[in-house]
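All remarks here apply to the structure that follows.
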Amino acid sequence: DRSLRPETLMMGYGYHPEWSEGALKSPIYQTSTFVFRSAAEGKRFFALANGLVDPEPGEQPGLIYSRLNNPDLEILEDRLTVWDDADAALVFSSGMAAIATTLLAHLRPGDVLLHSSPLYGGTDHVIRDILPEFGVTPVEFIASDPIADVEAALDAVGADLRMILIETPANPTNDLFDIEALARLAQRRAVGERRPLVAVDNTFLGPMWQHPLAHGADLVLYSATKYIGGHSDLIAGACVGTADAVAPVAAMRTYLGTMAAPLTGWLLMRSLETLHLRMERQSQNARRVADFLASHPKVKRVRYLGLLEPNDPDYEIYKRQCLGPGAMVSFNVDGGEDEAFRFLDALQHIKLAVSLGGTESLAEHPATMTHAGVCDAAKQRSGVTASLVRLSIGVEHPDDLIADLARALDAV
Ligand code: PLP
């Protein structure tokens, strides 16, 4: 019953206690393989899994082997479709596994991939350094580039655009990209029946505060390591979207073996029960932190969606596309790398570590850490400069966070 709200559905959607001796919670199905009741059943399950036959009305694909399907992943995937109102979802062993498997499923030699910048450093590396070796041409654009310039850059390349991948808000700058405008661009670039797919990395706001499919995207990608997991104790990823866009990714996942493990699936189901509580509190704390930083003399610029003013070019996109400002705050210290490092080294409670979205607050220096592998020109163009610090705000008491930040800024 998808009429209930996601917060309610996270308690039991997709699981029936009678499957497991009445257990309230789904057990961890820690098994590599599943026993068939008969050889004919095994044959039928494989035929369905390989698309050799069409399912009868109401027939579900049977359980075969945990690289293809496992109850913990299937229940979790059903729950992930709820937040984004998606047809289908897939869970992966990491966010990078979700992104790489999706790109390999949909791109072929000769294709063009249009991508936003900045991107998380790992994604940037796959797109700029690995995909060209497989004959895929990346075309980059930044948030302030007019769409007409993006189209001109695509015309200059001269090959068919196959996919658009954006990160919005962008890691680490919180730059926003207009999903609807890019979906229209994809429509204009259709070749016959074949329209380029629009994929959105929704790690920073999703799945609570941004639903890219509702704005015309075909696929939504997540590092589930972040808010979905939420406790900095696992690595996972997800891809959700329309049935047509997800199906090739599911096939590629089966053959690459990039799925998540049953225990990871189980932990993510537990985490989803408190997603809204964590994200709401994190966002309230982030607002307090952003206000504090904005008024501090040693802070040059704060990049937080909750501080956008109507005259900011991102404001209109924010109002139309996002349901909340999230809990990622980036800021430029007054100075450069030395000043940023002095600040980071002086923090006492907030840990100096990469990653984000967990219950605890973390701080890092994107230019030399998460985005270290991005070429200098791209870093400069997209605002990943030496003075930029990224904070992921947790669920602690906000006064303690602000006291820690104030003390660390004194050291700058
Ligand atoms: N996408 C974004 C926006 C990220 O921040 C990250 C990791 O930091 C990833 C993808 C990759 O996710 P994972 O580390 O789970 O592979």
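Throughout, numbering of the chain's residues begins at 1 and tracks the sequence. Just so we're clear, the structure is a prediction, and the values are computed from it rather than from any experiment. Every number for a ligand or one of its atoms is a count from 1 in the order of the listing.
- Shown here is Tyr65, whose OH atom has no more than 12 heavy atoms of other residues, nucleotides or ligands within 6.0 Å.
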Please produce the table of protein N or O atoms sitting under 3.5 Å from N or O atoms belonging to ligand 1, one pair a line, distance to 0.1 Å.
residue	atom	partner	partner atom	Å
ligand 1	1 (N)	Asp201	OD2	2.7
ligand 1	5 (O)	Asn171	ND2	2.9
ligand 1	8 (O)	Lys226	NZ	3.0
ligand 1	12 (O)	Ser223	OG	3.0
ligand 1	15 (O)	Gly95	N	2.9
ligand 1	15 (O)	Ser223	OG	2.8
ligand 1	15 (O)	Thr225	OG1	2.6
ligand 1	16 (O)	Gly95	N	3.0
ligand 1	16 (O)	Met96	N	2.8

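- Geometrically, Arg253 engages Phe92 in a cation-pi contact defined by less than 6.0 Å to the ring centre and at most 45° from the axis.
- In this structure, Phe204 has its ring center no closer than 6.0 Å to that of Tyr120.
- Ring to ring, Phe141 and Phe177 are close: their centroids are under 6.0 angstrom apart.
- In this structure, Arg195 pairs ionically with Asp218, as a charged nitrogen and a carboxylate oxygen lie closer than 4.0 Å.
- Salt bridge absent: Lys300 and Glu339 never bring a charged side-chain N and a carboxylate O closer than 4.0 Å.
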